[in-house]
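Note: hydrogens, waters and symmetry copies are ignored here, and every other heavy atom, side chains too, is used. So that the names make sense, note that chain A is the first sequence line, chain B the second, and so on, each numbered from 1.
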Amino acid sequence: MLDLRFIRQNVDTVRKAIKAKNEKADIDKIIQFDEDKRKMQFEFDRMRAEQNRVSQEIPQLKKAGRDVSQLLADMSTIARKIKDISQDLLEISDRLNSELLKVPNIPAPDVPVGNSSENRLIREWGKPKHFPFTPRDHLELAEMNGFLDFKRAAKISGSGFSAYTDLGAKLERSLINFMIDFHVKNHGYREISLPVMVKREAMIGTGQLPKLEEDMYLIEADDLFLVPTAEVSMTNFHTGEIIPWQNLPLQYVSYSPCFRREAGSYGKETKGLQRLHQFNKVEMVRFVHPEKSYDILEEMVRDAEEIIRELGLHYRIMCLATGDLSFASAKTYDIEVWSPGSAKYLEVSSISNFESFQARRASLRFRDTDDKVKFLHTLNGSGVATPRTFIALLETWQNKDGSIDFPPCLQQYLN
RNA sequence: GGAGAGUUGCCGGAGCGGUUGAACGGGGCGGUCUCGAAAACCGUUGUGGGUUUACGCCUACCCAGGGUUCGAAUCCCUGACUCUCCGCCA
């Protein structure tokens, strides 16, 4: 959510951002509602002051033996008016707020403008591995090694679900353990494990709602959502708190299953592990001082890429263009690993700076050195998602006979 | 699922329907004292909104939403959450 005062003073900037992100928030409505609301608030305050003043006089007049019946009658009228106004005030606040929740975050100034074709290559590591034979894709390799069983997964849950079997299951678990341990040991994150079912407010807090309700799994009986990423639970972990600046940054790493309905994306990348309704991911979240968030964004990219390097995978880093940015993000880097089997890059990590956008929605504040309470900045990044990493790992480390070698960093977990 | 208890400021803990933004205690911060520290003493210590060049002033907020009243932290209703016990269960 953006600061209303900011919107008021930077209408054009906000309009541009809405357009760049292909969103449809109504700024004119917001400006109008805001104006109406402040007018009502002023009127309400004025009448309330009057009411408070007289209400304090009444007992004194009574004590002095004066007749207050006329006064009481007058006040009764005022009380009714106040009730009417506060009703209107509530209504306009609701309308303003729900409109405000539709306004996306503003892209950072150095983000390329345009759709995904404008995504900017930042750097790459390694190069596509050359094989002296035709590399197999992960499905074939998984089949040969008995790592996956999609048919049976479908029996249980339908399409879009995976089953890892035997060494495949252990490999996936090893990936998760390796990543978490690595981030804790080398990058100073605290490991946490949080609920994967969350309240509606939490989903609004991080910005999935109201926009993406269609893509979320909802448990209607309890109005709880299955998280599409651990980001939701982690970012809302400190909701409503005012954190002393000395305690910043706070940085957490957590593994969680992620649930996505992927409504409307059927037929896209549906093969194997590429796009699933449920998958596992290690996620990093940081709560930081606003002045440092962009440095930390770079730092988090390095945190994530180190993992992939340890796994011996070729990758590249892209800076997403405005049209490809998520609703809540100001700037996002994607890390894409090379899949020799399909000869293309697969997104395994997305690292974003949300600036104060989520902080404002979820009420995440800190007390700065000047003793003022301010919104902090939040960032998150996958560190990283397991299915596509699993794909690239099998395909990159395959041998001619279909057997797989494993990178050294996983040995201790696999043995 | 059944039965009860609770939700007040940074924390503990009061609070007859009318100067209660909230007693009292603790903590924090500032000061006096001290070579320094401790102790003692004094002062201060919430978050939004509106208005003002500024000091300030007004307003809202004692879990949330309604209601009663001229006036509600205080009375009534509904809901959320927490806790205890019973049942059930991984």
Side-chain angles (χ1 to χ4, degrees), chain A residues 1-9 30-101 156 193-205 209 218-226 233 236-248 250 257 356 359-376:
Chain A
M1 184 155 57
L2 299 176
D3 182 11
L4 242 181
R5 232 170 284 154
F6 176 87
I7 295 179
R8 220 181 282 150
Q9 287 157 16
I30 289 173
I31 297 290
Q32 189 59 50
F33 288 167
D34 175 42
E35 230 170 80
D36 293 350
K37 186 191 162 186
R38 277 182 298 149
K39 265 186 213 148
M40 282 181 209
Q41 184 71 53
F42 182 82
E43 188 59 17
F44 176 84
D45 284 357
R46 206 177 55 81
M47 297 186 79
R48 225 18 188 149
E50 166 79 0
Q51 187 184 46
N52 286 343
R53 194 177 55 75
V54 177
S55 289
Q56 276 173 28
E57 278 171 11
I58 286 176
Q60 285 161 24
L61 292 173
K62 267 185 177 167
K63 229 180 271 170
R66 305 266 285 277
D67 176 27
V68 294
S69 54
Q70 181 58 44
L71 205 48
L72 290 187
D74 292 348
M75 291 317 288
S76 167
T77 314
I78 289 193
R80 223 171 306 126
K81 276 189 197 157
I82 288 177
K83 196 185 277 181
D84 286 348
I85 293 181
S86 68
Q87 195 61 46
D88 293 348
L89 200 53
L90 222 66
E91 221 170 272
I92 195 88
S93 298
D94 275 358
R95 282 202 282 173
L96 175 60
N97 205 255
S98 69
E99 208 53 43
L100 218 43
L101 287 176
I156 312 164
S193 178
L194 300 175
V196 294
M197 287 158 65
V198 302
K199 296 197 270 193
R200 186 172 284 274
E201 295 92 284
M203 295 286 273
I204 290 172
L209 297 184
L218 169 63
I219 297 147
E220 281 186 43
D222 299 294
D223 203 36
L224 288 172
F225 289 85
L226 293 177
S233 324
N236 284 285
F237 193 51
H238 289 290
T239 288
E241 296 180 25
I242 297 173
I243 298 162
W245 64 268
Q246 296 94 329
N247 295 6
L248 297 180
L250 292 168
S356 58
R360 207 168 264 117
R361 290 180 162 233
S363 185
L364 301 163
R365 293 175 296 176
F366 75 107
R367 192 174 295 282
D368 206 350
T369 47
D370 62 8
D371 225 36
K372 292 226 171 77
V373 175
K374 302 170 184 169
F375 289 107
L376 47 76

Same-atom distance (P) from B:rG36 to B:rG31, integer angstrom: 13 Å
Separation between the C1' atoms of B:rU47 and B:rU32, rounded to whole Å: 32 Å
Kindly state each residue pair satisfying salt bridge (charged side-chain N to carboxylate O under 4.0 Å, His left out) with at least one member in residues 31-40 of chain A, sequence neighbours excluded. A:Arg8-A:Asp34, A:Asp34-A:Arg38
Dot-bracket encoding per residue of RNA chain B, Watson-Crick/G-U cut-off under 3.5 Å, | denoting interstrand: ((((((((.[[[..)..(.....]]]((((((.......))))))((((((....)))))).[[[[[..)....]]]]])))))))....
Regarding A:Arg5, tell me which of base, sugar-phosphate or nothing describes its non-hydrogen contacts under 4.0 Å with the strands shown. sugar-phosphate
Starting at CD of A:Gln56 and ending at P of B:rG17, how long is that distance when rounded to a whole Å? 18 Å
Regarding the side chain of A:Arg367, the nearest nucleotide among B:rG46, B:rG49, B:rU59 is B:rG46
With A:Lys372 via side-chain contact (heavy atoms from CB on, under 4.5 Å) - residues at least two apart: A:Asp370, A:Lys374
In whole angstroms, the gap separating C1' of B:rG48 from CG of A:Asp3 amounts to 12 Å
C1' gap between B:rC57 and B:rU34, integer Å: 43 Å
Using the C1' atom on both, measure B:rC76 against B:rA3 and round to a whole Å. 23 Å
Please give the distance between the P atoms of B:rA5 and B:rU19 as a whole number of Å. 30 Å
side-chain hydrogen bond (donor to acceptor under 3.5 Å, both in side chains) involving A:Ser363 - partner list, sequence neighbours excluded: none
We want to know whether A:Asn52 and A:Gln56 form a side-chain donor-acceptor pair, criterion being a heavy-atom distance below 3.5 angstrom. no
Would you call A:Arg361 and A:Leu101 a side-chain contact if the rule is heavy atoms closer than 4.5 Å? yes
Rounded off to whole Å, could you give me the CG-to-C1' distance for the A:Leu61 and B:rU19 pair? 15 Å
Starting from C1' on B:rU59, measure out to CG on A:Leu89 and report it in whole angstrom. 11 Å
Just the rounded figure in Å: distance from P of B:rG49 to CG of A:Asp34. 12 Å
Expressed in whole Å, how much space separates the C1' atoms belonging to B:rG18 and B:rU69? 11 Å
For A:Glu201, all residues meeting salt bridge (Lys or Arg N to Asp or Glu O under 4.0 Å), sequence neighbours excluded: none
Rounded to whole Å, CD1 of A:Ile242 lies from C1' of B:rC11 at a distance of 15 Å
Just call it for A:Val68: base, sugar-phosphate, or nothing, with non-hydrogen atoms closer than 4.0 Å on any strand. nothing
Taking atom C1' in both B:rA38 and B:rA23, compute the distance separating them and give it to the nearest angstrom. 30 Å
When the nearest nucleotide of RNA chain B is assigned to A:Arg365 and to A:Arg38 on a heavy-atom basis, which residue is associated with the more 5' position? A:Arg365
Are A:Leu364 and A:Ile243 packed together at the side-chain level, in the sense that at least one heavy-atom pair is separated by less than 4.5 angstrom? no
Could you pull out all residues at least two apart from A:Arg66 that satisfy salt bridge (Lys or Arg N to Asp or Glu O under 4.0 Å)? none
What is the distance, to the nearest angstrom, from the CG atom on A:Leu224 to the C1' atom on B:rC81? 13 Å
Residues in side-chain contact (heavy atoms from CB on, under 4.5 Å) with A:Arg200, at least two apart? A:Ile204, A:Leu209, A:Glu213, A:Leu218, A:Asp223, A:Phe225
Between B:rA73 and B:rG9, how far apart are the two C1' atoms, rounded to whole Å? 12 Å
Encode nucleotides 60-71 of chain B as B, S and - characters from 5' to 3', where the letter depends on protein heavy atoms closer than 4.0 Å: B to the base, S only to sugar-phosphate, - to neither. S-----S-S-BS
Find the distance A:Ile78:CD1 to B:rU59:P and express it as a whole number of Å. 13 Å
What residue pairs, at least two apart or across chains, pass salt bridge (charged side-chain N to carboxylate O under 4.0 Å, His left out) with a residue in residues 51-60 of chain A? A:Glu50-A:Arg53, A:Arg53-A:Glu57
